[in-house]
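One structure, pasted below without further comment.
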Amino acid sequence: MENITIIESLGVAILGVSVVFVVLIVLMGAIAVQNVVIAKLEGRGKKAEVKPDNTLPAAPAPAAAPAKLAKGSCGGVMLHDVPDATAAMIMAIVADELKTPLNELRFISIQEVK
Amino acid sequence: MEFIGTIFSNLAAQTGFAYFTDFRQVIMILLACVLLYLGIVKKFEPLLLVGIAFGMLLTNLPGSGVYHPELWYASGSADVNWSAVLHDGGLLDLLYLGVKLGIYPSLIFMGVGAMTDFGPMMANPKSMLLGAAAQFGVYVALVMAVALGFKGSEAASIAIIGGADGPTAIWLTKTLAPHLLGPIAIAAYSYMALIPLIQPPIMMALTTKKEREVKMEQLRPVSQTEKIVFPIMVTIFCCLVLPSVAPLLGCLMLGNLFKECGVTDRLSDTVQNALMNIVTIFLGISVGATATYDQFLKLDTVKIIILGLIAFAFATVGGLLIGKVMYLVTGGKINPLIGSAGVSAVPMAARVSQTVGQKCNPSNFLLMHAMGPNVAGVIGSAVAAGFLLAVFGG
């Protein structure tokens, strides 16, 4: 393949683009399958963890009332490996950068990217 | 007095000035100083460019004897006389062994893997399409390099500059066209540093204001188990499909496994910091040493610099175009700007997507969405390099 013509190089280019796409599309499919399988396995594991213990007498637990939100609150924010103080600081910085009052923003979750 | 005169004349004959035989050596020394300026003052990929420029400086100082190109290219790249290298080689000849044997690029990839979070890509696997599309530049440059008269193996080495991945470019070039290693490495790293200048005009030209303002949905959290299984699965799959890519992709995924598995924190830390820094020094200085005046100051170098720019531009175009297709297919849920991050250059290209997106809509945060195509681009460029090696390396 040392002395290659332009037409041959076009063929190699088309084949090369196809190979990259095929490999990454198959990988994409494999990741999707992996995600589903792992989600199911983890879901099953969690269900097994919360299975009620039949040896203990069943006591009817009163349904916990959801905590009342503070006035003007937009709801809760999920924190993943982020201390409360850091989360508060991040939300304040974002509000300041966007020039938007904090109570007009809705934070869904804050996660530390490691 | 005659005795003193003899001593002075002997000393003068042994200085480097006596070995200046070609004005191109002076040009290369000046060029090395310009690159040092760009690395130190302008901060263009300084961690590598400073080492590369200094290697270039050392190798072009006459009489230094730190690097001997004739040991590597005398009898063709495939037939290196290893015992001569060990016996007669200078310091940089010995360090260059790590490049020639493909050790440094693979170890750099291990460090990159240990510093990379594949979570955004796993949360949105469709972003892999953007990483694949951005390899378009590689193949455009391949055809153009052949049209400009380069041999197949040389064209493939030049084309991989479009992968925007320095270690991959070095890894492929050291096998296919080692005599072009200096210009290709310098072009690859220079353009990676210039991504914030190269990409935005293309991004603005190919997207509408409405497309650039698209806010994307938040990515789902990815579990630790998924992150641990991912590098193992990718290694098995990709190395079975393209075995030639095993050193690069295997090391990338091993580094990532060190990071994610949670039981090798010490190794992950070493790979990310100490090992990465040591290999970066060796890689930079030995790659720079290959840029000797007789190898570098050629018309081919100018062609490589131009082809590298074309490769980068078309890589950006490829990612953006597929981004626009995904925008249309998903009914406007994907911001096409994240497509430009498909050129690997982690995380610079993703930052450019974020910056351009936020200019159009200050409340838009594209960074994590752009990291998906960005890390997919690393895998994509490794696959493209593996393909080119399989085709032209035989």
Side-chain angles (χ1 to χ4, degrees), chain A residues 1-46 77-81 90 94-100 104-114, chain B residues 117-123 125-129 131-133 135-136 138-140 142-147 150-156 159 218 220-223 225-226 229-230 233-234 237-238 241-242 259 318 362-363 365 368 371 376 379-381 383-384 386-388 390-394:
Chain A
M1 294 293 282
E2 273 303 87
N3 297 315
I4 184 173
T5 64
I6 297 176
I7 302 293
E8 286 169 337
S9 70
L10 265 175
V12 172
I14 293 167
L15 188 62
V17 170
S18 310
V19 166
V20 172
F21 264 97
V22 167
V23 170
L24 291 193
I25 286 172
V26 174
L27 209 53
M28 188 173 91
I31 291 171
V33 171
Q34 173 202 302
N35 293 350
V36 171
V37 171
I38 291 174
K40 278 193 175 173
L41 289 175
E42 286 183 340
R44 198 181 295 163
K46 278 178 188 165
V77 52
M78 283 167 60
L79 302 182
H80 303 278
D81 298 333
I90 288 169
V94 171
D96 185 55
E97 285 285 322
L98 297 177
K99 312 280 183 237
T100 309
E104 289 179 20
L105 293 172
R106 187 176 173 205
F107 293 87
I108 295 168
S109 74
I110 299 175
Q111 182 175 11
E112 185 187 351
V113 180
K114 291 178 181 169
Chain B
D117 179 10
F118 285 98
M121 189 186 79
M122 293 159 74
K126 287 192 289 289
S127 61
M128 297 196 83
L129 292 174
Q135 306 313 313
F136 181 57
V138 171
Y139 297 103
V140 170
L142 174 77
V143 177
M144 294 189 77
V146 170
F150 286 102
K151 290 178 186 170
S153 56
E154 293 172 337
Q218 198 181 13
R220 71 171 177 86
V222 176
S223 74
T225 315
E226 287 174 78
V229 173
F230 174 76
M233 183 195 70
V234 171
F237 173 72
C238 287
V241 175
L242 272 173
K259 172 181 182 280
S363 65
F365 292 92
M368 289 315 286
M371 283 306 291
I379 300 176
S381 60
V383 172
F387 170 80
L388 292 172
V391 172
F392 294 103

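Residue numbering restarts at 1 for every chain, and letters A, B, ... go by the order of the sequence lines.
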Exercise. Please report the closest heavy-atom contact between A/Met28 and B/Pro125, naming both atoms and the distance.
Key: CG-O, 3.2 Å
Quiz item: Based on non-hydrogen pairs under 4.5 Å, which of A/Asn3, A/Val12, A/Val22 is most in contact with chain B?
Solution: A/Val12
Self-check item: Side-chain heavy-atom pair B/Tyr139, A/Ile14 within 4.5 angstrom cut-off
Solution: no
Quiz item: With chain B, which of A/Val19, A/Thr5, A/Val37, A/Leu27 has the greatest number of heavy-atom pairs at distances under 4.5 Å?
Solution: A/Leu27
Quiz item: Which bit of B/Met122 comes within less than 4.5 Å of chain A, counting heavy atoms only: side chain, backbone, both or neither?
Solution: both
Exercise. Supply the atom-to-atom distance B/Lys126 NZ to A/Ile25 CD1, rounded to the nearest 0.5 angstrom.
Key: 13.0 Å
Self-check item: Among A/Ile4, A/Leu10, A/Ile7, side chain to side chain contact (heavy atoms under 4.5 Å, CB included) partner for B/Val146
Solution: A/Ile4
Self-check item: CD1 on A/Ile31 to OG on B/Ser127, rounded to 0.5 Å
Solution: 8.0 Å
Quiz item: Closest heavy-atom contact between B/Val383 and A/Val23?
Solution: CG2-CG1, 4.0 Å
Practice problem: May I ask you to name which of B/Val241, B/Val229, B/Leu242 has the most heavy-atom pairs under 4.5 Å with chain A? | Solution: B/Val229
Quiz item: Of all heavy-atom pairs between A/Ala13 and B/Leu142, which one has the smallest distance, and what is that distance?
Solution: N-CD2, 4.3 Å
Practice problem: Check whether any side-chain heavy atom of B/Arg220 sits under 4.5 Å from a side-chain heavy atom of A/Asn35, and report yes or no. | Solution: yes
Exercise. Kindly check if the number of other-residue, nucleotide or ligand heavy atoms within 6.0 Å of CD (A/Glu97) is above 12?
Key: no
Quiz item: Do B/Gln135 and A/Leu24 come within less than 4.5 Å of each other through their side chains, counting heavy atoms only?
Solution: no
Self-check item: Taking every non-hydrogen atom, the tightest pair across A/Gln34 and B/Glu226
Solution: NE2-O, 3.1 Å
Self-check item: Atom group of B/Ala133 that falls short of 4.5 Å from chain A, counting heavy atoms
Solution: both
Practice problem: Identify which part of B/Met368 has an atom lying under 4.5 Å from any heavy atom of chain A, answering side chain, backbone, both or neither. | Solution: side chain
Quiz item: If we only count heavy atoms from C-beta on, is the A/Val20 to B/Phe387 side-chain gap below 4.5 Å?
Solution: no
Exercise. Look at A/Val94, A/Ile38, A/Ile108 and state which one has the largest set of heavy-atom pairs under 4.5 Å with chain B.
Key: A/Ile38
